[in-house]
Amino acid sequence: MILAHSLVGLLPLDHGGFSWFWLLGSVFPDIDHLFVLLRHRIFSFEKAVERMRFEEKYGLRFKTPYVHSILGAVVVSAAASAISTHGAVYFFAAYCVHLLLDWPDRDEKEYFWPLKRKVKGFLPIGSRAEMIITAVLAFGVFAVYYW
């Protein structure tokens, strides 16, 4: 749902205003995907999508516990508070929305890291249901800005 995270980040806040903190908080957790791609030297878009969709087949985990966890959200948001306390609240909220949107994905996540409790959803990554959710979000963002 990488596109869905971006769409959520484009939603207006504060009486219709845009917030960079909200946008960055909604997409930042996926920075760990870049590290996994670089570490395993996956430079092709097609290979990246294939490996993200079928992590178990390739023995990869794109959602690391350091970034895709509540502790990760707190630590990164605390750093954002050095720029703006108000912005850090938006950043943290958007980060948490990102984690919630990832919850239904079938891959394994460690939201409560450093505790060893793992969460696994029911939707395959890139599934038809994910595409429908993303399309509904896109329509919602369009509607908010143009109606």
Side-chain angles (χ1 to χ4, degrees), residues 1-14 17-127 129-138 140-142 144-145:
M1 281 203 221
I2 291 173
L3 181 58
H5 299 308
S6 302
L7 291 167
V8 167
L10 293 174
L11 290 171
L13 304 172
D14 282 341
F18 173 79
S19 169
W20 282 104
F21 284 96
W22 179 260
L23 176 62
L24 293 174
S26 69
V27 296
F28 182 83
D30 284 338
I31 197 165
D32 56 358
H33 295 12
L34 295 175
F35 291 115
V36 172
L37 291 171
L38 291 172
R39 181 171 178 237
H40 294 281
R41 296 189 175 133
I42 302 167
F43 302 119
S44 151
F45 179 76
E46 292 80 16
K47 286 182 182 179
V49 170
E50 171 78 10
R51 279 151 181 81
M52 282 185 210
R53 288 189 69 205
F54 305 106
E55 287 182 344
E56 289 179 6
K57 175 181 173 182
Y58 293 102
L60 298 172
R61 281 191 58 203
F62 283 89
K63 293 175 183 146
T64 65
Y66 310 110
V67 182
H68 275 83
S69 67
I70 296 167
L71 180 60
V74 169
V75 169
V76 178
S77 298
S81 71
I83 299 167
S84 165
T85 305
H86 185 74
V89 171
Y90 284 155
F91 187 91
F92 179 75
Y95 203 121
C96 290
V97 169
H98 178 108
L99 297 178
L100 285 173
L101 281 174
D102 278 350
W103 197 294
D105 287 344
R106 188 180 289 172
D107 57 352
E108 207 171 72
K109 296 155 288 281
E110 292 184 57
Y111 289 150
F112 306 104
W113 183 81
L115 301 176
K116 296 294 181 191
R117 183 151 193 257
K118 296 182 181 181
V119 176
K120 200 170 184 178
F122 57 92
L123 283 178
I125 295 173
S127 67
E130 274 197 355
M131 290 180 204
I132 291 169
I133 291 167
T134 302
V136 168
L137 277 170
V141 170
F142 179 81
V144 165
Y145 280 107

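Throughout, residue positions are numbered sequentially from 1 according to the sequence presented. For the numbers below, each heavy atom of this structure counts, side chains included, while hydrogens, waters and symmetry mates do not. A quick note: this is a predicted structure, and the numbers were derived from the prediction, not measured.
- In this structure, CZ in R106 is found 9.5 Å from CZ in F54, a value given to the nearest 0.5 Å.
- Looking at E130, its side chain never comes within 3.5 Å of a backbone N or O of L123 through a donor-acceptor pair.
- By the 30° and 60° cut-offs, the orientation of the rings of W103 relative to F112 is perpendicular.
- For the salt bridge (Lys or Arg N to Asp or Glu O under 4.0 Å) criterion with D107, the lone passing option out of K63, K120, R53 is K63.
- Environment of CZ in F35: sparse, with no more than 12 heavy atoms of neighbouring residues, nucleotides or ligands closer than 6.0 Å.
- Applying the side-chain hydrogen bond (donor to acceptor under 3.5 Å, both in side chains) rule to pairs touching residues 64-80 yields D30-H68, D32-T64, D32-H68, H68-H98, H68-D102, sequence neighbours excluded.
- To the nearest 0.5 Å, atom CG of residue L137 and atom CD1 of residue I132 are 12.5 Å apart.
- Rounding to the nearest 0.5 Å places CG of D105 at 11.5 Å from CE of M52.
- Here CD of E108 is found 9.5 Å from CD of E55. Values are rounded to the nearest 0.5 Å.
- Between the Y90 side chain and the L13 main chain, no donor and acceptor come within less than 3.5 Å of each other.
- Taken from CD1 in I42 to CG in L34, the straight-line distance is 11.5 Å, to the nearest 0.5 Å.
- Not a single donor-acceptor pair under 3.5 Å links the side chain of W113 to the backbone N or O of K118.
- For F43, the CZ atom sits in a packed shell: over 12 heavy atoms of surrounding residues, nucleotides or ligands are nearer than 6.0 Å.
- Here the shortest heavy-atom pairing between L7 and A138 reads CD1-N, 3.6 Å.
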Stepwise side chain to side chain contact (heavy atoms under 4.5 Å, CB included) check, H86 with F21:
CA-CA 9 Å; H86 185 74; F21 284 96; over 6 Å; no
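- Nearest heavy-atom pair, P12 versus V144, reported as atom, atom and distance to 0.1 Å: CG-CG1, 3.1 Å.
- Checked against Y95 for a side-chain contact (heavy atoms from CB on, under 4.5 Å), the options V67, I70, V74 give a single hit: V67.
- The shortest non-hydrogen separation linking Y111 to L99 is OH-O, 2.6 Å.
- Residues passing the side chain to side chain donor-acceptor pair (under 3.5 Å) test with S44 are E46, sequence neighbours excluded.
- With hydrogens and angles ignored, the 3.5 Å screen pairs no side-chain donor or acceptor of H5 with any backbone N or O of V27.
- The pair E110-R61 meets the salt-bridge criterion, with a side-chain N (NZ, NE, NH1 or NH2) lying under 4.0 Å from an Asp/Glu carboxylate O.
- Distance CG/L10 to OG/S26: 7.5 Å, rounded to 0.5 Å.
- Classified by interplanar angle (parallel below 30°, tilted 30° to 60°, perpendicular above 60°), the ring pair F28/F91 is tilted.
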